[in-house]
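Have a look at the structure below, then the notes.
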Amino acid sequence: MRSSTQRLLGALGALLFCTGAAQAVECDAKTVGDKPFTACRVDLNSERLELFWRDDGGRPYRQFSALRDALEAKGKKLVFAVNAGMYKPDFSPVGLFVADGREQVTLNHHVGSGNFSQQPNGVFLVDGHSARVMTTDDYGRESPKPFLATQSGPMLVHEGEITTSAVMDPHSTSRKIRNGVCAPAPDAVAFVISESPVTFYEFASYFRDSLHCREALYLDGSISSLYAPRLNRDDRGPDMGPILGVVR
């Protein structure tokens, strides 16, 4: 679990600005009303965003520390990471999973009552230096060939509006730590984690009103985690499935 010190860093507005090709992940904290959020922006022109699930032996990483150590053994460095979508009890992705251009789990069209299956659900994808969030239906129709893609749900914002699935009720009292993703520009990705429990509607409002994202995707709830060493963040909560990370 995140320590009180780590949460305080977010709540007090710890600010990181990294510029240039060597340092192009920028994180800041913002409080909207009484709700604190940490948002991290990745510049795809100078950083390589990758999607991870299993190590070379086929074992799920589960924690940032395992991924970090595996990369260090190859002479690489993990400089930023977040959990990357929902997963099954064996830590395999619930939906689409594409890493290094290879589809390992196919698109999931299931409609149901769980968060993942709320409609519309969606896909976050990166192809070269271009990122976007799109609905699962649009992904299926377009059939893009991304470098990486992860599926989750529900969509928080679609075509500039907060989505209208049952969980998005503005009067809901169900609050949890949450994280999500959007692409405010084709060459930039914004990852957001709430630093206190919020409703889906409150979380979606941050993407729409503070980041001005026209498309935004929910990644997960209570297991939401952030690895950002320059913010002294190395969240060690429950084991997770897919992980998105910036690697050098």
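What you see below is based on every heavy atom in this structure, not just the backbone, and it leaves out hydrogens, waters and symmetry mates.
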Is there side-chain contact between [X] and [Y], with at least one heavy-atom pair below 4.5 Å?
| X | Y | answer |
| --- | --- | --- |
| V25 | C27 | yes |
| R175 | K35 | yes |
| L44 | V189 | yes |
| E142 | M134 | yes |
| L226 | F64 | no |
| D169 | Y201 | no |
| V157 | R214 | no |
| F147 | R48 | yes |

Between [X] and [Y], does any side-chain donor sit less than 3.5 Å from a side-chain acceptor?
| X | Y | value |
| --- | --- | --- |
| Q151 | N108 | no |
| D137 | T135 | no |
| S225 | D235 | no |

Distance, nearest 0.5 Å, that separates [atom1] of [X] from [atom2] of [Y]:
| X | Y | atom1 | atom2 | result |
| --- | --- | --- | --- | --- |
| Y227 | L244 | OH | CG | 15.5 Å |
| E50 | E47 | CD | CD | 11.0 Å |
| L125 | L51 | CG | CG | 11.5 Å |
| I177 | S222 | CD1 | OG | 8.0 Å |
| E195 | S224 | CD | OG | 10.0 Å |
| C182 | H212 | SG | NE2 | 11.0 Å |

Can you list the steps and then say if E159 with E215 is a side chain to side chain contact (heavy atoms under 4.5 Å, CB included)?
-> CA-CA 6 Å; E159 296 180 341; E215 308 288 334; 3.8 Å; yes

State yes or no: do [X] and [Y] share one hydrophobic cluster built from I, L, V, M, F, W and Y residues joined by side-chain heavy-atom distances below 4.5 Å, directly or via other members?
| X | Y | answer |
| --- | --- | --- |
| F200 | L211 | yes |
| V192 | M168 | yes |
| F124 | Y139 | no |
| L107 | V105 | no |
| L78 | M240 | yes |

Working for side chain to side chain contact (heavy atoms under 4.5 Å, CB included), residues D187 and N45 | CA-CA 6 Å; D187 59 356; N45 290 315; 2.7 Å; yes

If you measure from the Lys or Arg side-chain nitrogens to the Asp or Glu carboxylate oxygens, is any gap between E202 and R178 under 4.0 Å?
-> no

Answer yes or no: is there an ion pair linking D28 with K30, defined by an N-O contact shorter than 4.0 Å?
-> no

For the residue pair F203 and Y218, does the interplanar ring angle fall in the parallel (under 30°), tilted (30 to 60°) or perpendicular (over 60°) class?
-> perpendicular

Using every non-hydrogen atom in the two residues, find where [X] and [Y] come nearest and quote the distance to one decimal.
| X | Y | value |
| --- | --- | --- |
| A166 | Q118 | N-OE1, 3.5 Å |
| D239 | Y87 | O-OH, 2.8 Å |
| V123 | L96 | CG1-CD2, 3.9 Å |
| A81 | I243 | CB-CG2, 4.0 Å |
| P154 | V167 | CG-CG2, 3.9 Å |
| G85 | S152 | CA-OG, 4.2 Å |

Spell out, as yes or no, whether a donor-acceptor pair under 3.5 Å connects the side chain of [X] to the backbone of [Y].
| X | Y | value |
| --- | --- | --- |
| S210 | F207 | no |
| N121 | F116 | yes |
| D55 | G58 | yes |
| T163 | S165 | no |

Count the heavy atoms belonging to other residues, nucleotides or ligands that lie under 6.0 Å from NZ of K76, then report whether that count exceeds 12.
-> no

Can you establish whether the number of heavy atoms outside R102 located under 6.0 Å from its atom CZ is more than 12?
-> no

Distance flag, aromatic centroids of F191 and F80, threshold under 6.0 Å | yes

Pick out which of T150, D220, L219 makes a side-chain contact (heavy atoms from CB on, under 4.5 Å) with M86.
-> D220

Using the side chain to side chain contact (heavy atoms under 4.5 Å, CB included) rule, take F52 and V247 through it: C-alpha gap first, then chi angles, then the decisive distance, then the call.
-> CA-CA 11 Å; F52 302 93; V247 177; 3.7 Å; yes

Could you walk me through whether D138 and R132 pass the salt bridge (charged side-chain N to carboxylate O under 4.0 Å, His left out) test, one step at a time?
-> CA-CA 12 Å; D138 285 346; R132 56 180 165 155; over 6 Å; no

Going through the checks in order, is the salt bridge (charged side-chain N to carboxylate O under 4.0 Å, His left out) test met by R41 and D43?
-> CA-CA 7 Å; R41 184 182 177 106; D43 180 354; over 6 Å; no

Report the C-alpha distance between W53 and F97 in whole Å, list the side-chain angles of each, state the deciding distance to 0.1 Å, and finish with yes or no for ring pair (Phe, Tyr, Trp, His ring centres under 6.0 Å).
-> CA-CA 9 Å; W53 168 18; F97 183 94; 5.4 Å; yes

For the pair Q119 and V111, evaluate side chain to side chain contact (heavy atoms under 4.5 Å, CB included) and give the outcome as yes or no after the intermediate values.
-> CA-CA 7 Å; Q119 300 301 307; V111 176; 3.7 Å; yes

